[in-house]
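A, B, ... follow the sequence lines: proteins, then strands. Residue 1 opens every chain.
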2 protein chains.
Amino acid sequence: MTRTKTRDLIEQKADDLFYENGFEATSFADIADAVGISRGNFYHHFKSKHDILDAVIDRRLAKTARMLESWDADKLPQARILSFIRILLTNQTRIMAFGCPVGTLTTELAKLDHVAQSRAAEVFTLFRDWLADQFHALGHGDESVSLALHLLGRSQGIAVMASAYRDETYLRAEVAALEDWLDTVTTKHR
Amino acid sequence: MTRTKTRDLIEQKADDLFYENGFEATSFADIADAVGISRGNFYHHFKSKHDILDAVIDRRLAKTARMLESWDADKLPQARILSFIRILLTNQTRIMAFGCPVGTLTTELAKLDHVAQSRAAEVFTLFRDWLADQFHALGHGDESVSLALHLLGRSQGIAVMASAYRDETYLRAEVAALEDWLDTVTTKHR
DNA sequence: ACAAAATTAGGACAATCGTCCTAAATTTTA
DNA sequence: TAAAATTTAGGACGATTGTCCTAATTTTGT
């Protein structure tokens, strides 16, 4: 198989496994098995566990950037922000099982004192800056970044509690509350 | 040394290490080294990793129950809830470094598909029920549990974001916002 | 079609994992 | 104080970890 295709397959499976089982709990053998290649082949593409983690983070950064771009198709900032809020519903099943991929990875890497922790947090930064842009467009000026961080935090909390209790009712109620909050924030500045 | 004292010391160090480095990343050797005993001795007190995890969860449940009892010394429900909100400030340094002990453990155990996940989430339940009692005393009736879960989720989100960015300013701003929210919730029903 | 390069498989490696065992040291009991 | 019970140390165990090496296979470039 061509280099890029195998690499991409490895990254894809590693991405899933890191999310579903955690970074530390996922071994080279696990990834190789999932892809269906030998550990030797795996090592030819990624020469250390740090390398594959880096690649997965790159992948997530790119995927997030693409998603944010797609949300830009909406003209209204409040509609864009609504798209963000609704990932909690879109990915409901996986979030209830494994939490938020961004939050859980940064948390794990913080505990491991891993150098890639800050890079993993850059996914948050993509969301933060994009959300801040939307709040800015809604006329919130200097408050925009705070509002963005507030919304990110709310989402993270919902993901943590929804997965702790595997409680769909809670998740839906909190998403509704978040939508109400967004309403308050947008109408206040009209 | 007496049985209970050694056991207690092991539980104490394991509790810290599970919090600081994660459950999976903490080995028997790590705990034994931290306590200053041999692995053999360790194994005499806890015959499996599942056992020591169970003991740590028991310990956290008991510690949480004691903390909630101590907060009951305050007569006003809003003052009690304020005590809960302010753990984010009391444990600020550790939360910014390692996140919330309850949230991060339940999240990790969910990914590991560990049987103890639901037991670990019982610490949340202690907080939830206690908080619901306070909201009930404030006259929120059927909404009490939802309010309790909402507050728990908000706290969890703050812990996740504060540790991801190690941002004290964010943490303090969000705690202030939570106090404002509490004000709104208490004055609405006066 | 042939040489060069890239990809793959499979195993070796030292270290560490959780677990278990035995024997010495210590404490408790009678 | 002697016997019994508990606590401790230290190492053995098979499995698994991340890493690395070699040799075979496949793809690529000419």
Side-chain angles (χ1 to χ4, degrees), chain A residues 1-58 105 108-109 111-117 119-120, chain B residues 1-58 105 108-109 111-117 119-120:
Chain A
M1 214 187 297
T2 160
R3 177 177 191 79
T4 38
K5 263 177 72 180
T6 308
R7 266 192 74 101
D8 198 67
L9 209 61
I10 293 173
E11 287 177 12
Q12 189 181 305
K13 293 292 185 184
D15 194 346
D16 288 346
L17 288 170
F18 286 175
Y19 177 37
E20 294 169 11
N21 305 331
F23 168 68
E24 180 90 345
T26 302
S27 69
F28 275 40
D30 290 334
I31 304 170
D33 283 358
V35 178
I37 59 172
S38 65
R39 283 129 276 146
N41 190 8
F42 184 103
Y43 202 77
H44 175 257
H45 291 280
F46 298 95
K47 61 184 177 304
S48 75
K49 208 177 179 187
H50 181 265
D51 276 20
I52 176 68
L53 175 59
D54 256 4
V56 167
I57 293 173
D58 280 344
L105 182 62
E108 184 181 359
L109 295 182
K111 281 180 197 288
L112 296 176
D113 210 15
H114 199 289
V115 285
Q117 194 266 352
R119 256 182 63 71
Chain B
M1 215 188 294
T2 159
R3 178 176 190 83
T4 38
K5 263 177 73 182
T6 308
R7 266 190 75 101
D8 199 67
L9 209 61
I10 293 173
E11 287 177 12
Q12 189 182 306
K13 293 293 185 184
D15 194 344
D16 288 346
L17 288 170
F18 287 175
Y19 176 36
E20 294 169 11
N21 305 330
F23 168 68
E24 181 91 346
T26 302
S27 70
F28 275 41
D30 290 334
I31 304 170
D33 283 357
V35 178
I37 59 173
S38 65
R39 282 127 278 143
N41 189 7
F42 184 103
Y43 201 76
H44 175 254
H45 290 280
F46 297 95
K47 60 182 178 303
S48 76
K49 208 178 179 186
H50 181 265
D51 276 20
I52 176 69
L53 176 59
D54 256 5
V56 167
I57 293 174
D58 280 345
L105 182 62
E108 183 181 1
L109 295 182
K111 283 181 196 289
L112 296 176
D113 210 14
H114 199 289
V115 285
Q117 194 266 351
R119 257 182 61 72

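Taken residue by residue, residues 17-38 of chain A places heavy atoms nearer than 4.0 Å to DNA chain C at Ile37(A), Ser38(A).
OP1 and OP2 of dA6(C) both lie 4.0 Å or more from every side-chain N or O belonging to His45(A). Distances shown here put every side-chain N or O of His50(A) at or beyond 4.0 Å from the OP1 or OP2 atom of dG18(D). Regarding contacts with the backbone of dG18(C), every side-chain N or O of Ser48(B) stays at 4.0 angstrom or more from both OP1 and OP2. The side chain of Asn41(B) contributes no N or O atom lying less than 4.0 Å from OP1 or OP2 of dT7(D). Under 4.0 angstrom from either OP1 or OP2 of dT8(C) there lies no side-chain N or O belonging to His44(A).
Distance CZ (Arg7(A)) to C1' (dT8(C)): 16 Å, rounded to an integer number of Å. The NE2 atom of His114(B) sits 11 Å away from the P atom of dG18(C) (whole-angstrom rounding).
Under the salt bridge (Lys or Arg N to Asp or Glu O under 4.0 Å) criterion, no residue pair touches residues 23-46 of chain B, with sequence neighbours excluded. Within the structure, salt bridge (Lys or Arg N to Asp or Glu O under 4.0 Å) pairs that include any residue of residues 41-58 of chain B comprise Lys47(B)-Asp51(B), Asp54(B)-Arg119(B), Asp58(B)-Arg119(B) (at least two apart or interchain).
Considering every non-hydrogen atom in both Phe28(A) and Ser48(A), the closest pair reads CZ-C, 3.6 Å. For Thr26(A) against Leu17(A), the heavy-atom pair with the smallest separation is OG1-O, 3.3 Å. Shortest non-hydrogen contact noted between Leu109(B) and Ala120(B) is CD1-CB, 3.8 Å.
Every residue meeting the ring-ring contact (aromatic ring centres under 6.0 Å, His included) condition with Phe18(A), not counting sequence neighbours, appears here in chain and number order: Phe23(A). Residues meeting the side chain to side chain donor-acceptor pair (under 3.5 Å) test with Asp15(A), sequence neighbours left out: Arg60(A). For His50(A), the ring-ring contact (aromatic ring centres under 6.0 Å, His included) test picks out His114(A), with sequence neighbours left out. The salt bridge (Lys or Arg N to Asp or Glu O under 4.0 Å) check on Glu11(B) picks up Arg7(B), Arg59(B), with sequence neighbours excluded.
Using a 4.5 Å cut-off on side-chain heavy atoms (C-beta onward), Ile37(A) and Ile10(A) make contact. Proximity of Phe42(B) to Val35(B): side-chain heavy atoms (C-beta onward) are nowhere separated by under 4.5 Å.
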Could you spell out the base pairing of DNA chain C in dot-bracket, with Watson-Crick or G-U pairs whose two distances are under 3.5 Å, [ ] crossing and | to another strand? ||||||||||||||||||||||||||||||
I'd like a list of close polar pairs between nucleotides 20-25 of chain C and the protein, N/O only, cut-off under 3.5 Å.
residue : atom : partner  : partner atom : Å
dC20(C) : OP2  : Tyr43(B) : OH           : 2.2

